[in-house]
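Everything below concerns the one structure shown next.
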Amino acid sequence: MDTFVIDGPVRLSGSVRVSGSKNASLPIMAAAILGPGKSTLKAVPRLSDISVCGELLGRLGCKFTREEDGRLWIDSTVIDNPVGEYEVVRRMRASICILGPLLARCGRAEVSMPGGCAIGDRPVNLHVKGLQALGARIHLKNGYIIAEAPDGLTGTDVFMGGPFGSTVLGTANVLMAATLARGRTTIESAACEPEIADLANCLNRMGAKITGIGSPRLMIEGVEQLQPVEYEVIPDRIEAGTFMVAAAITAGELRIENCRLDGMMAAVDRLRNMGVTVDAAGAGCVVSRRDPIRPADVTTQPYPGFPTDLQAQFMALLSLAEGNSVVIEKVFPDRFMHVAELNRMAANLRKEGSAVIVAGVPKLIAAPVMASDLRASAALVLAGLAAEGTTTIDRVYHIDRGYERIEERLNPLGARIARENV
Ligand code: EPZ
């Protein structure tokens, strides 16, 4: 099991290129199920989650290969085992996004319930509601969702909002299923995340008829068949935001390439509010900080609100602000595994329900800490860059799920991160 050993404090400078989006890649890989044949995807990042998704598709009967040049191809000609096995799903909750396409393609699907994870409960009731609205018969058996639509699916109007707002992968599942349903489907309170827009654009490239892309109301005219596709996924806005915080927390200056600011306005707004400079530059931006960090309040919301996937990283940054901040988590109210670990590094964080009071401290002190989930782990790396001394982070596999060899991306910028296998 790998451990990171991080010496700080450092000041980062230089240029870094954002990889393709993990959270766009995963549903788009599932969408390949809908177009029998060989689909080729570009800019898909080299992450363990992508490998797990490839394994999942392979068990369905698909063929999956990563070319030397990074292109990834999926041959979905044959799907003879429409089952998402628990042994795979438990390693990656996003596996649930094969449910909709499998049901639409095969008329039947069995996918293990995801179960909970470090960021909290991961219910799928809205996924089930949406697919039942399209005519699927769904029941649970031995921890599996069994979905059947032997006569196909029928378009309908369905409200997909839940107590925490829209659902990203729930929208993906219903959207993908609706592309092959008879007639028109309207998804109200659809997720507006750029990753869903990317999925919809990819599906249209495959022959789907989706309008309202990027809005909370998606309309889909069902078609008979979708074709395989060649498609390049969008850049990863969460990785871009993580690099922005790396520049800010080290009082450095980074040019972040392949980063679209238009999909990151909530995070950019908070950074500017904190006294961080964010300037558009070509197909990316330059992020720097010279002045002390100003406190700021952060509340996570579905897109276009502040992304929950950047909450932990911003909390690490706010830990060093000159004053008190409040971080409120409205998407995953328990997503605070990083709080105790940051406090081990001399942060002053107090959890009050789904809010954390962040009392800024003049410096963080290095310590041995434990990674828990993907974004909490990224926050610990960022804290280690700024902390005085040597921070060690165990269970680095959490970070590898969402960031391509992050130490090989940060060390050329001035970080001092060693990956040790213990
Ligand atoms: C996606 O997860 C992302 N994962 C998550 O990123 C991200 O945090 C999340 O969206 C929110 O933006 C991928 O895209 C692979 P949700 P998803 O359904 O779709 C509740 C990362 O770090 N809900 O939008 O599973 C749910 O409990 C990962 O890259 C229901 O109540 O999240 C949560 O409170 C972590 N019923 C809220 O909705 C449902 O049926 C949003 O969850 C589904 C969800």
Side-chain angles (χ1 to χ4, degrees), residues 19-31 44-45 47-50 52-53 56 89 91-100 111 113-133 138 145 158-176 187 189-199 216 233-234 236-242 263 266-267 300-313 329-335 337-338 354 371-379 398-403:
S19 304
S21 165
K22 166 179 82 81
N23 290 353
S25 298
L26 293 170
I28 285 173
M29 289 169 70
V44 174
L47 302 170
S48 54
D49 269 9
I50 300 297
V52 171
C53 190
L56 184 70
V89 173
R91 286 185 277 149
M92 188 185 64
R93 303 223 174 330
S95 306
I96 191 67
C97 68
I98 66 170
L99 180 61
V111 179
M113 292 281 281
C117 70
I119 66 176
D121 188 16
R122 305 299 291 270
V124 293
N125 59 305
L126 296 171
H127 299 238
V128 170
K129 171 188 176 183
L131 296 175
Q132 285 176 326
I138 297 183
I145 300 165
V158 59
F159 179 75
M160 285 291 289
F164 301 96
S166 50
T167 162
V168 173
L169 291 182
T171 299
N173 259 328
V174 176
L175 174 62
M176 288 191 278
I187 302 176
S189 193
C192 302
E193 274 70 4
E195 295 75 28
I196 292 298
D198 206 27
L199 170 64
V233 302
I234 57 172
D236 193 315
R237 63 191 170 99
I238 303 304
E239 184 185 80
T242 305
T300 68
Q301 308 266 9
Y303 190 89
F306 187 91
T308 176
D309 291 350
L310 285 177
Q311 179 257 104
Q313 299 92 315
E329 177 55 73
K330 289 199 167 183
V331 179
F332 289 107
D334 298 329
R335 191 175 197 167
M337 294 291 284
H338 44 287
S354 64
S372 55
D373 68 270
L374 167 53
R375 307 304 176 181
S377 316
H398 287 293
I399 300 169
D400 293 337
R401 288 192 48 197
Y403 296 89

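Residue numbers start at 1 and run along the sequence shown. All heavy atoms count here, side chains included; hydrogens, waters and symmetry mates do not. One-based numbering, in listed order, for ligands and for the atoms of each.
Ranking protein heavy atoms by distance to atom 38 (O) of ligand 1, first place goes to Phe164 CB, 4.1 Å. Remark: minimum distance from atom 32 (O) of ligand 1 to any protein heavy atom is reached at Phe332 CZ, 3.8 Å. The protein atom (non-hydrogen) at minimum distance from atom 6 (O) of ligand 1 is Asp309 OD2, 2.9 Å. The protein heavy atom nearest to atom 17 (P) of ligand 1 is Arg122 NH2, 3.8 Å. Annotation: atom 18 (O) of ligand 1 to nearest protein heavy atom, Thr167 OG1, 2.7 Å. Distance from atom 40 (O) of ligand 1 to its nearest protein heavy atom, with residue and atom name: Leu126 N, 2.7 Å. When only non-hydrogen protein atoms are considered, atom 36 (N) of ligand 1 lies nearest to Asn125 OD1, 2.8 Å.
Heavy atoms only, all atoms of each residue included: Val331 and Gln301 are closest at CG2-C, 3.8 Å. Met337 approaches Ser372 most closely through the heavy-atom pair CB-OG, 3.2 Å.
Using a 4.0 Å cut-off between a side-chain N of Lys or Arg and a carboxylate O of Asp or Glu, Glu195 and Arg237 qualify as a salt bridge.
Glu195 does not count as a contact of ligand 1, since none of its heavy atoms falls under 4.0 Å from the ligand.
In summary, the atoms of ligand 1 found under 4.0 Å from a heavy atom of Val124, numbered by their order in the structure, are 39 (C), 40 (O). Taking a cut-off of under 4.0 Å to the non-hydrogen atoms of Lys22, the atoms of ligand 1 that pass are 21 (C), 29 (O). Per-residue contacts place Arg335 under 4.0 angstrom from the following atoms of ligand 1 (heavy atoms of the residue considered): 8 (O), 22 (O), 35 (C). Interface of Arg375 with ligand 1, defined as ligand atoms under 4.0 Å from a residue heavy atom, comprises 21 (C), 22 (O), 29 (O). Listed by number with element, the atoms of ligand 1 under 4.0 angstrom from any heavy atom of Asp121 are 27 (O). Near Val331, with a cut-off below 4.0 Å to any heavy atom, the atoms of ligand 1 are 33 (C), 34 (O), 37 (C), 41 (C). Applying the 4.0 Å criterion to heavy atoms of Ala94 picks out, from ligand 1, the atoms 15 (C).
Side-chain atoms of Gln311 do not come within 3.5 Å of backbone N or O of Thr300 as any donor-acceptor pair. The backbone N or O of Ala191 sits less than 3.5 Å from a side-chain atom of Thr171, completing a donor-acceptor pair. A side-chain donor-acceptor contact under 3.5 Å links Lys129 to the backbone of Phe159. Side-chain N or O atoms of Glu193 include none that pairs as donor or acceptor with a backbone N or O of Ile196 at under 3.5 Å. Looking only at distances, a side-chain donor or acceptor of Asp236 sits under 3.5 Å from a matching main-chain atom of Lys22. Side-chain atoms of Asn173 do not come within 3.5 Å of backbone N or O of Leu131 as any donor-acceptor pair. One N or O on the side chain of Asp198 and one on the backbone of Ile234 form a donor-acceptor pair closer than 3.5 Å.
Backbone and side-chain nitrogen or oxygen atoms of Pro163 are examined, and none is located within less than 3.5 angstrom of a nitrogen or oxygen of ligand 1. Taking distance alone, with nitrogen or oxygen atoms compared against 3.5 Å, Leu169 approaches ligand 1 more closely than that limit.
In this comparison of Ala376, Pro123, Ala24, the heavy atom closest to atom 23 (N) of ligand 1 sits on Pro123. Here the shortest heavy-atom distance to atom 4 (N) of ligand 1, taken over Asn23, Val168, Ile196, belongs to Asn23.
Proximity of His127 to ligand 1, defined as any heavy-atom pair under 4.0 Å, is shared by backbone and side chain alike. Contact annotation: for Leu374 versus ligand 1, heavy atoms closer than 4.0 Å belong to the side chain alone. When non-hydrogen atoms are compared, ligand 1 lies under 4.0 Å from the side chain of Thr308 (C-beta onward) but not from its backbone. At a heavy-atom cutoff of 4.0 Å, ligand 1 is contacted by no atom of Lys129, backbone or side chain. When non-hydrogen atoms are compared, ligand 1 lies under 4.0 Å from neither the backbone nor the side chain of Arg93.
Between Leu26 and Met92, some side-chain heavy-atom pair lies under the 4.5 Å cut-off. Contact check for Ser166 versus Pro216: no side-chain heavy atoms found under the 4.5 Å cut-off.
For Arg401, the side-chain hydrogen bond (donor to acceptor under 3.5 Å, both in side chains) partners are Asp49, not counting sequence neighbours.
Checking each of Pro194, Pro27, Cys97 against Leu199 for a side-chain contact (heavy atoms from CB on, under 4.5 Å) leaves exactly one that passes, namely Pro27.
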